[in-house]
2 protein chains.
Amino acid sequence: MSDENFAFPILTVDAVVFQLVNNKLTVLLIERAFEPFLGRWALPGEYIPKDKSSHQALEHVLVHKTGISTKQLELIEQPYAFDSPERDPRGYAVTVMYISLGRNITPGGHKDMDNAQNPQFFPITELPELAYDHANIVTFARNRLKTLSTSTNVVGALLPGAFTFLQLQDAYEAIFGKSLDKRNFRKKMLSLNLIEPTGDIAKDGAHRPAQLYTFRKVQSKNLDQSFD
Amino acid sequence: MSDENFAFPILTVDAVVFQLVNNKLTVLLIERAFEPFLGRWALPGEYIPKDKSSHQALEHVLVHKTGISTKQLELIEQPYAFDSPERDPRGYAVTVMYISLGRNITPGGHKDMDNAQNPQFFPITELPELAYDHANIVTFARNRLKTLSTSTNVVGALLPGAFTFLQLQDAYEAIFGKSLDKRNFRKKMLSLNLIEPTGDIAKDGAHRPAQLYTFRKVQSKNLDQSFD
DNA sequence: GCAAAAGTGTTCCAGATACACCCATGA
DNA sequence: TCATGGGTGTATCTGGAACACTTTTGC
């Protein structure tokens, strides 16, 4: 691909794909195959070509570099963009970030994958050193995920359609990176009005069966300010 | 200016310049002199030319369209960017937004101003219909200002170097768009540890003189999440 | 009966809210 | 003396945090 296919100032798209693996929050990374930052781990991303939207470029880079399609993922509504003269060693750059959530996703396997760059999910607590300012972007995305987790149904995209309260708590503990009190969590979760019982019961082992829950469809997305 | 000076996909910069006028929070707008949205009020903004950073383009558009220099303003540290296929009727666009705060700013008067487009400060409660998605951008910026007001010294940029508690309260009431209890405000403000007394006293009228305060220099910028 | 997850309430504390009067000054 | 903004304290409410035992099932 020659340079004149790309915008100037540099405009790129980067994907932050989260999923839960073994009750840990993980992020999809690739190992860069080109300079700059050759060999360094990075978010999947690429230049946004002239004739594409950032969303189309997102689909392209995920399929080609990781073998995952956005059709397997839940995208968080708005993209965010980062702008800083120091972001890219080649010069001034703006990147559009998409936060995506998945479940049971395995890198590779998409028929249009080429150019795969060793895509892997890393626990967010054990990230390697990242290229560019991707560490900042991951932190931003995780904070955004935290905020949305307490006001919307986004966590549903990380879980099966029906889940027990303890599965749900494990997900929140992974997102917030800390353990939560079972009774307080149940109280708060119910007061947030984000989930409802399905009426079904999970019988899955040598223990008392659990009520199953699911996220409600419509969610408000208001964020709080002080002095409200 | 011909089109090939500009990036593609379209990359623009927009300025949200706040100041207090008569104890109201106001935003700087211009009246568009060109299509699209000819005659509609809008944030000062322009394409980012190939050879400039968004910050340089910001300075350019403010000076040329409003006669104000960023040197008269306090910029909020990070730019934010918005991305949406529907933002611009001409196609896919990304805009970089800068939030800027000023005091006693009058549009016009800069020697390099040309192409002025009737720049005026509008009370945020009485905005006209805006071009593009600028209403969303203003809302975002104001919310950001609210959040930063309770954790940083940004409000200092809207006030004189030393101010009384009631001036400060007026500023917060303008930002939050609601009246606050005098005693509770004082308590909360002091607990936030953002201001300190100068030791000076304001004697400015037929009433008891007031202790003067100033914002501290260094501020933490942590934002809270639930489940912390 | 025992292992393993499900389920359940109360106390405490901190921070937010509501609320009304006296003070110091200049005119 | 009065008009104007400056300055102060308490009671209540609300939401978060800490904390331990009983229940139901499969083996």
Side-chain angles (χ1 to χ4, degrees), chain A residues 22-23 146-147 149-151 159-160 162-214 222-228, chain B residues 20 22-23 146-147 149-151 159-160 162-214 220 222-228:
Chain A
N22 297 330
N23 281 340
K146 287 183 188 178
T147 301
S149 293
T150 61
S151 62
L159 291 171
F163 44 82
T164 68
F165 236 108
L166 254 41
Q167 284 180 285
L168 185 67
Q169 182 171 341
D170 284 341
Y172 276 83
E173 289 182 344
I175 291 168
F176 283 89
K178 58 183 300 199
S179 61
L180 302 169
D181 178 86
K182 186 163 56 151
R183 281 164 293 187
N184 292 340
F185 177 76
R186 186 180 288 255
K187 240 183 307 182
K188 174 147 185 174
M189 210 59 220
L190 291 173
S191 77
L192 288 175
N193 219 35
L194 299 177
I195 59 170
E196 57 194 4
T198 63
D200 294 332
I201 300 288
K203 301 181 74 149
D204 73 331
H207 55 82
R208 176 171 172 178
Q211 175 63 253
L212 289 174
Y213 290 83
T214 189
N222 304 330
L223 299 182
D224 294 338
Q225 312 289 345
S226 289
F227 289 122
D228 268 358
Chain B
L20 296 174
N22 297 330
N23 281 339
K146 287 183 188 178
T147 302
S149 293
T150 61
S151 61
L159 291 171
F163 43 82
T164 68
F165 236 107
L166 254 43
Q167 285 179 286
L168 184 66
Q169 182 170 341
D170 285 341
Y172 276 83
E173 289 182 345
I175 290 168
F176 284 89
K178 57 182 300 197
S179 61
L180 301 169
D181 178 86
K182 186 164 55 153
R183 280 164 295 187
N184 293 339
F185 176 76
R186 185 179 288 255
K187 239 182 309 181
K188 173 148 186 176
M189 209 60 219
L190 290 174
S191 77
L192 288 175
N193 219 34
L194 299 176
I195 58 170
E196 57 193 4
T198 63
D200 294 332
I201 300 287
K203 301 182 73 150
D204 71 330
H207 55 82
R208 176 172 172 178
Q211 174 63 252
L212 289 174
Y213 290 83
T214 189
S220 78
N222 304 330
L223 299 182
D224 293 339
Q225 312 290 344
S226 289
F227 288 121
D228 269 355

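The figures that follow rest on heavy atoms only: side chains count, while hydrogens, waters and symmetry mates do not. Proteins get letters first, then strands, A, B, ... in listed order; numbering begins at 1 in each.
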From CG of A/Asp181 across to P of D/dC21 the rounded distance in Å is 15 Å
Residues pairing under salt bridge (Lys or Arg N to Asp or Glu O under 4.0 Å) where one sits in residues 200-209 of chain A, two or more places apart or in two chains, turn out to be none
Closest-nucleotide 5' rank along DNA chain D - winner of A/Ser191 and A/Pro209
A/Ser191
What is the distance from CG of B/Leu190 to P of C/dG15, rounded to the nearest Å?
15 Å
Which part of the nucleic acid, if any, lies within contact of B/Thr164, taking any heavy atom under 4.0 Å across all strands shown: a base, the sugar-phosphate backbone alone, or nothing?
sugar-phosphate
Suppose we screen for side chain to side chain contact (heavy atoms under 4.5 Å, CB included). Which residues come up paired with A/Ala171, at least two apart in sequence or across chains?
A/Leu20, A/Val155, A/Leu159
Taking the side chain as C-beta and beyond, is there a heavy-atom pair between A/Lys146 and A/Thr150 under 4.5 Å?
no
A/Thr214: what forms a side chain to side chain contact (heavy atoms under 4.5 Å, CB included) with it, not counting sequence neighbours?
A/Glu196, A/Thr198
Side chain B/Lys182 and base D/dG7 donor-acceptor under 3.5 Å
yes
Using whole Å, what does the distance between atom P of nucleotide C/dG15 and atom CG of B/Leu180 come to?
19 Å
Min side-chain heavy-atom separation A/Gln211-A/Tyr213 under 4.5 Å
yes
Hits for side chain to side chain contact (heavy atoms under 4.5 Å, CB included) against A/Lys187, two or more places apart or cross-chain, chain-then-number order -> A/Asn184
Spacing of B/Arg183 atom CZ relative to C/dC22 atom C1', expressed in whole Å
12 Å
By side-chain hydrogen bond (donor to acceptor under 3.5 Å, both in side chains), A/Asn22 pairs with (sequence neighbours left out) none
Round to a whole Å and report the spacing from CG of A/Leu166 to P of C/dG7.
9 Å
Using side-chain heavy atoms (C-beta onward) and a distance below 4.5 Å, is A/Met189 in contact with A/Leu168?
yes
I'd like a list of close polar pairs between nucleotides 11-14 of chain C and the protein, N/O only, cut-off under 3.5 Å.
none

DNA chain C-proximal residues of residues 198-208 of chain B, any heavy atom under 4.0 Å:
B/Gly205, B/Ala206, B/His207, B/Arg208
Write down the atom of A/Asn23, the atom of A/Ala174, and the distance for their closest heavy-atom approach.
O-CB, 3.7 Å
Five-pair end axes of the helix from C/dG1-D/dC27 to C/dA27-D/dT1 and the angle they enclose, rounded to 10°
10°
Do B/Thr164 and B/Leu212 make a side-chain contact, defined as non-hydrogen atoms from C-beta onward lying under 4.5 Å apart?
yes
Whole-Å distance between D/dT10 C1' and B/Asn184 CG?
11 Å
Rounding to a whole Å, what distance do you find between B/Leu192:CG and C/dA16:C1'?
13 Å
Which whole-number value in Å describes the distance from A/Gln169 CD to C/dG7 C1'?
12 Å
How would you list, by chain and number, every residue that makes a side chain to side chain contact (heavy atoms under 4.5 Å, CB included) with A/Glu173, sequence neighbours excluded?
A/Gln169, A/Asp170, A/Ser179, A/Leu180
